[in-house]
Each structure stands twice: as structure tokens, then as C-alpha cells.
Amino acid sequence: MIPIGLIQSTAVTLMDKAAIEIPDDYLGGLRQAAAVEDGDLSSFVLQAMLENYEAAKEDRRAMCGDTGCPRWYVKMANEATVEGGPVALEAALRRATAEATNGVPLRPNRVHPLWRTDHDNNVGINAPEIEFAFEPDGDWIDLTTVHKGGLFGTDYRMLFPSDGIEGIKRFYLDSLVAFGKRGLSCQPAIIGIGLGGSKDTCMVLGKRAACLRTVGDRNPDPGIAKLEEEFKDLGNSIGMGAMGFVGKSMVIDCHIEVGYCHTGGMQMSVHAFCLSSRRACARIHSDGRVEYRTDPNWFTPYQRRETVEWPATQPSRKSA
Amino acid sequence: MASHPAFKKVRLKTEPSADDLRALSIGDVVYLDGTVYTAREGVYKRVIEEGHPLPLDLPAESGANFHCSPAATIRPDGSFNIGAVTATASFRFSKWIGEWLDKSGAKLILGKGGMSSADYKKHFVPHGAIYLTTVGYGTGALLGRGVSGVKSVHWRDELGLAQAMWVIGVENFGPFIVESDLDGNSLFERENAKIAAGLAKVYEGTRPAVLKRYGETDDRSDEVI
């Protein structure tokens with residue numbers, strides 16, 4: 001049984017880490033981009049960002065004043081139990097969000113969409129989002145918080161099989177170019193692409209691809225992995241860099257996630273995380289141990305399973 | 001890091017003279033000293049549409065309007081805890097900016113992403129105002145270091161923390177990049193034009209979607225703002 005107090009205190013620490021500490025994988029990717037960037041203005045911007053991450057850590061202040069919309073991803077191993085159950089867990093995450101908003105401090109971004117009223121704590125109707133998933137074996141829970149900006153750099157389009165890879169590339173480029181101008185999408189960023197599913201799952205998959213996978217990670221499907229590499233290079237060949245200035249750093253990495261979709265369709269979503277790529281995770285074990293990390297390790301073989309039973313008992317048709 | 005030429009760096013007062021602004025070119029890097037205030041849709045609506053009087057003496061107290069909500073909190077004792085500050089995208093405030101420049105006398109608009117050169121020519125140039133863009137976006141921690149203190153917060157109850165008018169003392173506050181000059185030229189639009197010249201080649205081998213959208217364009221020199 002995992003104590004609810006431990007969940008809440010861990011969650012508060014995660015909010016602090018996500019807002020302040022740039023994840024190592026993204027920092028490494030950005031340094032590589034900065035090393036080859038030859039656009040004068042883009043290069044100046046990347047240098048300023050690298051200095052900004054240092055300032056944030058030294059001062060323990062948020063990297064970016066727009067601290068986004070904090071959200072939670074919870075993964076429970078099959079044998080994990082939480083004191084008070086899932087309702088208590090949700091309450092603990094809402095409390096941690098409110099407490100950290102005042103504590104770090106974060107910007108209280110969340111308001112009612114029509115009445116523009118708020119509680120100054122990033123908590124409200126359907127906020128923060130708390131999404132759940134499960135894993136076989138184990139008695140731990142993984143908490144991940146992501147502070148993603150919410151306004152630009154994301155788009156959805158209903159494509160069809162006849163659009164093919166050429167259509168996918170077109171929409172990918174359109175999304176980068178349209179929101180890259182003036183740097184609206186806060187590039188260079190990790191780009192997530194969702195393909196298939198239904199409209200809502202397509203958006204969810206793309207967002208998770210951007211926010212829950214690390215720089216250098218590749219999809220286990222070799223064909224998709226190849227597309228990820230190709231799309232990363234394509235994005236960096238647009239001629240645009242940070243803030244929409246002439247340059248070549250748009251995409252620190254590109255991740256693609258897929259879901260089975262209607263036979264007539266090929267849904268596509270594109271999501272840009274941002275220059276601050278704010279994510280932090282912790283595994284809480286039933287014996288009270290807490291391990292912090294920056295890789296959510298969300299997309300396990302179980303999350304990408306395609307068979308009826310788990311462990312897989314039947315080969316997929318393609319490999320049969 | 002590839003080597004890049006040193007950009008011209010300028011320390012600028014938040015109530016700059018016309019000569020100070022005339023000396024700036026798009027692409028220069030600016031650090032500010034003095035007082036800035038935040039005002040965005042909440043404040044603009046309240047002043048321009050609802051007719052509330054300004055809660056402070058502008059531009060005497062500050063000539064610099066920051067499109068920003070700080071990551072900040074007001075402690076129970078009334079003191080402030082301000083962490084990072086980062087701009088929000090300015091193009092959304094286009095419909096208010098002319099009247100705001102009239103009422104506020106602002107000479108510096110600070111924000112994210114600039115506005116269109118049409119806005120600069122129509123509204124900024126007649127008021128002798130320029131636009132400074134934040135860098136990144138957001139160098140929130142660096143900007144936070146440049147905050148010397150919160151002087152006051154207006155309309156906190158009426159508008160909430162994020163939309164309230166924060167009046168902030170600043171010292172060596174930056175970096176900002178000069179996005180528009182006194183003639184209404186835009187750095188972003190200059191860069192857009194350079195990039196647009198190469199886009200046809202990047203798009204080679206792609207194909208327009210079979211299902212179109214109303215209002216869609218294939219002109220990639222166009223902008224979404």
C-alpha cells in the first residue's frame with residue numbers, strides 16, 4: 001500500500017523539478033543543435049536559452065514564465081495499491097498542483113474558457129488533466145508531470161490512405177512552417193506525431209509522443225523509426241531556426257506513435273513541445289522508495305501491444 | 001556553438017527619448033532599466049471597452065507595456081514572490097493596440113512574436129513606439145533576474161493574478177531583440193521573406209491533402225497571424 005502523503009509530497013517535488021530543471025536528454029540535443037547552427041540570430045537565441053537553463057537551476061526559479069498547463073500521467077503497476085484508492089490519488093495530485101503553483105511559483109494559467117474566472121492555482125474543471133495507464137507486474141506507481149504550453153504548434157488533420165506519405169509530409173511541414181514563423185511554437189522542440197486511432201486518440205498519441213519520449217529514442221517498428229529520422233532531418237532543412245529566424249534548428253527530435261484506425265482514414269496530429277520541454281517523473285515503490293528521473297518510459301511494449309491477450313499469445317498477421 | 005558576430009547591445013530606459021529609439025535598428029539586443037507594467041487582454045478590455053480610468057499615471061510612471069503574466073504569487077502578508085517572467089504572443093492584441101498607445105503613451109511594447117508591419121505602420125509609427133521581442137521564448141529565468149521588485153499590482157481581484165496589471169521595477173532586464181523600428185520595419189517579416197524563398201524546394205515531393213479546409217491557403221509566404 002502506497003501512502004497517500006508520499007504521493008502528494010513526491011508530486012509537489014515533481015512540479016518543482018519540471019518547471020526548473022531542463023531534462024538532460026533535451027539539453028544534450030539542444031547543445032548539438034547549437035553547435036551546428038550557423039544563423040546569426042538563431043545562434044544568439046540558442047545561446048541565451050542555454051544561459052537561461054543555468055540561471056533557472058542556480059536561482060531555483062522556473063525556466064519560463066509561462067509555466068504552461070501542468071498535467072499528470074499516472075501509470076500503475078498491476079499489483080500496486082494506493083491508500084484511499086484512485087479518488088484519493090486524484091485529490092493528492094490536484095492538491096500538489098495547487099500547492100506548487102503558489103510555491104515554485106508557477107503562473108496560474110488555468111481559467112474558465114467562457115467566464116475567464118480562476119482559482120489562481122491551476123486547478124479547475126477538468127484541470128489538471130490526469131491520465132492513467134497500467135503495466136503488468138510490479139507494485140509501484142509512476143508519476144509524470146508535463147508542463148506544456150498550450151497555444152501554438154499543434155494541429156490535427158483528417159488525412160486518407162490516398163494522401164500517403166506525401167500527404168503526411170505536407171501536413172508535417174505545414175505545421176512547422178505555420179507555427180514556426182515568429183517562433184510561435186517556441187522551437188527548436190521535440191515534435192510528436194500521432195497517426196491513426198480516432199480523432200481524440202490521434203491527438204493523445206501525438207501529444208504523448210512529444211512529451212513522454214526522450215531525445216534519441218526510436219519507435220521499435222523499424223519503418224516508423226526510419227520515418228522519425230527522416231522527419232527530423234526534413235524539419236531541420238526548412239531554413240528556419242529559433243524564433244523563426246533564418247537557421248536550421250527546428251526539430252531536436254521527432255517521435256511518431258500510431259494507433260489502429262478506420263480502414264478509410266489516416267488521422268494525423270502534430271505537436272511541438274517547447275524550448276523548455278518540461279517533464280519530470282518518479283517511481284514510488286510500495287516499500288516507500290522514491291526514484292526520480294526525466295524519462296517517463298511511457299511507451300512500453302505493453303502500451304503498444306496489438307494482440308488480444310498479454311503476454312502476446314498470437315503472432316500478428318504480418319509476421320505470420 | 002558556431003561563432004556569430006557580436007550583436008549591438010544597448011541599455012535603454014523604459015521611458016526612452018525619440019533619439020534613443022532612432023538609434024536602434026531591428027536585430028539589436030536591448031536591456032531595460034526602469035519600470036515596466038503588464039497589460040494584456042484583461043487590462044485592454046477593461047480600459048478600452050469598459051472605460052475604466054488607468055490605475056496609474058502613464059506614461060509618467062512607465063513607457064513600457066509588457067505582454068506578460070509573471071509566474072508570481074502574492075503572499076498572505078501582501079508581499080510578492082516573483083519567479084520567472086515570460087511574454088505572451090502579441091498579435092492577439094492587435095485590435096486594441098492603437099487605442100492603448102493613445103491612452104498609455106507607451107513607447108515600448110514588449111512581448112512574444114511581434115505584430116504585423118501593417119500594425120506597426122498604422123499604430124506604432126504615429127506614436128513613435130517600437131516593439132521589442134523577448135528571446136527564446138522564454139528566457140524566463142534570465143528576465144526574472146532583471147526584476148528588482150514588484151512596485152504594485154492593480155486589479156488583482158477584478159482580473160486575477162495572470163491578467164492583473166503588475167508594475168515591476170527592472171534593472172538590466174533582458175535580453176530583448178528590436179523587432180520593429182521607428183519606420184515600422186519588422187525583423188520577423190524580413191526573416192520570413194528570406195525563408196519563404198527556399199520553401200518550394202523543401203515542399204518538393206509532398207502533396208496537398210485530398211480533403212480541403214475552408215479558408216485554406218497554399219501560399220507559404222503567408223502567415224497565420
Side-chain angles (χ1 to χ4, degrees), chain A residues 34-38 40-41 43-49 51-52 55-56 59 61-67 102 104-109 111 117-118 120 151-152 157-160 162-164 166-167 169-171 173 177-179 181-184 186 237-240 242-246 275, chain B residues 1-5 7 27 29 42 68-73 81-89 91 112-114 133 135-145 159-163 175 177 187-188 191-192 194-195 197-199 202-203 205-211 213 220 223-225:
Chain A
V36 296
E37 180 56 82
D38 51 14
D40 292 350
L41 285 160
S43 201
F44 171 78
V45 173
L46 297 184
Q47 192 55 47
M49 290 309 302
E51 287 168 22
N52 185 64
D59 298 2
R61 63 170 94 225
M63 288 181 270
C64 180
D66 183 345
T67 51
N102 289 296
V104 176
L106 306 178
R107 188 202 279 180
N109 270 331
V111 301
T117 50
D118 74 320
D120 280 344
L151 303 183
F152 311 108
R157 185 150 197 162
M158 186 67 186
L159 299 178
F160 297 89
S162 62
D163 282 307
E166 298 94 331
K169 272 189 193 168
R170 176 78 150 226
F171 184 54
L173 285 172
V177 171
F179 296 114
K181 290 185 183 189
R182 297 170 185 262
L184 291 180
C186 298
S237 73
I238 291 171
M240 189 185 283
M243 287 178 76
F245 296 141
V246 170
L275 261 165
Chain B
M1 174 67 53
S3 66
H4 56 79
F7 288 89
V29 176
C68 159
S69 309
T73 189
N81 178 15
I82 194 160
V85 284
T86 301
T88 198
F91 73 90
K112 170 180 175 179
T133 177
V135 173
Y137 306 90
T139 48
L142 292 178
L143 288 171
R145 280 184 171 180
L159 297 174
L161 277 181
Q163 293 281 342
I177 298 176
L187 175 66
F188 285 124
E191 297 289 295
N192 284 347
K194 287 184 195 169
I195 293 162
L199 283 181
V202 179
Y203 272 81
T206 72
R207 200 162 48 194
V210 295
L211 181 68
R213 291 164 161 173
R220 289 180 178 76
E223 288 199 72
V224 292
I225 71 161

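Per chain, numbering begins at 1; letters A, B, ... match sequence-line order.
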Shortest non-hydrogen contact between [X] and [Y], atoms and distance:
X      : Y      : value
B:V202 : A:S237 : CG2-O, 3.6 Å
A:A48  : B:V135 : CB-CG1, 3.8 Å
A:R157 : B:L211 : NH2-O, 2.8 Å
A:G244 : B:I195 : O-CD1, 3.3 Å
A:A62  : B:A84  : O-CB, 3.1 Å
B:A72  : A:P105 : CA-CG, 3.8 Å

Counting only heavy atoms closer than 4.5 Å, note whether [X] contacts chain A via side chain, backbone, both or neither.
X      : value
B:V210 : both
B:L199 : side chain
B:P175 : side chain
B:A209 : both
B:L187 : side chain

Which atoms of [X] approach chain B - backbone, side chain, both or neither, heavy atom under 4.5 Å:
X      : answer
A:V177 : side chain
A:L106 : backbone
A:L159 : side chain
A:M240 : both

Kindly indicate whether the side chain of [X], heavy atoms from C-beta on, has any atom under 4.5 Å from the side chain of [Y].
X      : Y      : value
B:R207 : A:R170 : no
A:D66  : B:Y137 : no
A:L173 : B:Y203 : yes
B:F7   : A:L41  : yes

Winner by heavy-atom pair count (cut-off under 4.5 Å) against chain A, out of [options]:
options                      : result
B:S69, B:G140, B:A87, B:A162 : B:S69
B:A89, B:C68, B:G144, B:G42  : B:G144
B:L143, B:V224, B:T139       : B:T139
B:V85, B:N81, B:T88          : B:N81

Distance, nearest 0.5 Å, that separates [atom1] of [X] from [atom2] of [Y]:
X      : Y      : atom1 : atom2 : result
A:R182 : B:K112 : CZ    : NZ    : 12.0 Å
B:T133 : A:M243 : OG1   : CE    : 3.5 Å
A:D118 : B:L159 : CG    : CG    : 10.5 Å
B:N192 : A:K181 : CG    : NZ    : 5.0 Å

field: Flag, side chain of A:R61 to backbone of B:G83, donor-acceptor distance under 3.5 Å
entry: yes

- request: Look at the rings of B:F188 and A:F245 and say which category their plane angle falls in: under 30° parallel, 30 to 60° tilted, over 60° perpendicular.
  value: parallel

message: Is it true that A:N102 and B:T73 share a donor-acceptor pair across their side chains at a distance under 3.5 Å?
response: yes

